[in-house]
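What follows is a single structure, written as structure tokens, with notes after it.
Quick note: residue numbers are just sequence positions, from 1. Just so you know, these numbers use all the heavy atoms, side chains as well, and skip hydrogens, waters and symmetry mates. Note that ligands are numbered from 1 as they come in the structure, with each ligand's atoms numbered from 1 the same way.
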Amino acid sequence: MTDLYPNSIDGIAAARAEILTRIAKAAKQAGRSADAIDLVAVSKVQPDDRIDAMLATGQRIFGENRVQEAQGRWSDRREACPDLQLHLIGPLQTNKAEDACALFDVIETLDREKLAGALVKAMEKTGRTPRLYVQVNTGDEPQKAGLTVGECVAFVKHCQSDLGLQIEGLMCIPPVEEPAAPHFALLAKLAARAGLEKLSMGMSSDFELGVRLGATSVRVGSALFGERVKA
Ligand SMILES: *Cc1c(COP(=O)(O)O)cnc(C)c1O
């Protein structure tokens, strides 16, 4: 078994090398190039020493699910590391849209009309234009964020034509108790229908499946850093 708490630089580097190898293998099986797949290292809740160890491996793409937590973790590191790419992968409140635009390079959780409007304003105000993904609630789960499957394509078109937002791709988080494959396949189909090429799908437990079904980025936390330890 691998170390669940890879605190040393070696442990972190080995975990990352293993994930990259598994991504490359899954890509090859699917006849895809591994270069077409970004590894987003999900650093939420992780302590500073693990973050710095991950940076030392050369990893530059990180995912966070809360704006405020990400500001604390990345504001200074971002200055020291200009090629950093930060992805917001958690729900965004409209009153945090400006902070999110100021910090993040990619916002993966555009999931409603009101937020689209807030992002238009926030981009004008901050002069920054993070790349955007529309989140789709592929399981049509009542409490989960994301556009319904039925609304998704029209929402993408609306953002593009009426609001002038550039949408880069789609993102989903399948229901935990269901096999992920049909959800990933559905997301790929919706993206094709919307004319989008990027797909953010797959986490620690199912990123290889995501890659086989067309993911262009996978969001991996615990398999890279070890289990999240609550403070
Ligand atoms: C936490 C989180 C992940 C990473 O989860 P792991 O199972 O630790 O890989 C991926 N995506 C989202 C949206 C998350 O909130």
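A salt bridge links Arg78 with Asp105: the distance from a Lys NZ or Arg NE/NH1/NH2 to an Asp or Glu carboxylate oxygen falls below 4.0 Å. With salt bridges taken as basic N to acidic carboxylate O contacts below 4.0 Å, none links Asp162 and Lys157. Contact check on Arg73 versus Glu64 returns a salt bridge, with a Lys/Arg side-chain nitrogen under 4.0 Å from an Asp/Glu carboxylate oxygen.
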Dump all N/O pairs between ligand 1 and the protein below 3.5 Å as a table: atom names plus distance, one pair per row.
{"from": "ligand 1", "atom 1": "8 (O)", "to": "Ser222", "atom 2": "N", "distance (Å)": "2.8"}
{"from": "ligand 1", "atom 1": "8 (O)", "to": "Ser222", "atom 2": "OG", "distance (Å)": "2.8"}
{"from": "ligand 1", "atom 1": "8 (O)", "to": "Arg228", "atom 2": "NH1", "distance (Å)": "2.8"}
{"from": "ligand 1", "atom 1": "8 (O)", "to": "Arg228", "atom 2": "NH2", "distance (Å)": "3.3"}
{"from": "ligand 1", "atom 1": "9 (O)", "to": "Ser204", "atom 2": "N", "distance (Å)": "3.0"}
{"from": "ligand 1", "atom 1": "9 (O)", "to": "Ser204", "atom 2": "OG", "distance (Å)": "2.5"}
{"from": "ligand 1", "atom 1": "9 (O)", "to": "Gly221", "atom 2": "N", "distance (Å)": "2.8"}
{"from": "ligand 1", "atom 1": "11 (N)", "to": "Arg219", "atom 2": "NE", "distance (Å)": "2.9"}
{"from": "ligand 1", "atom 1": "15 (O)", "to": "Lys44", "atom 2": "NZ", "distance (Å)": "2.7"}

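Between Met201 and Asp206 there is no side-chain heavy-atom pair separated by less than 4.5 Å.
Taking every heavy atom of both residues into account, Thr138 and Cys172 meet most closely at CG2-CB, 3.8 Å.
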Open item on the list: Walk me through whether Ile37 and Thr216 qualify under side chain to side chain contact (heavy atoms under 4.5 Å, CB included).
Closed with: CA-CA 4 Å; Ile37 299 136; Thr216 54; 5.7 Å; no
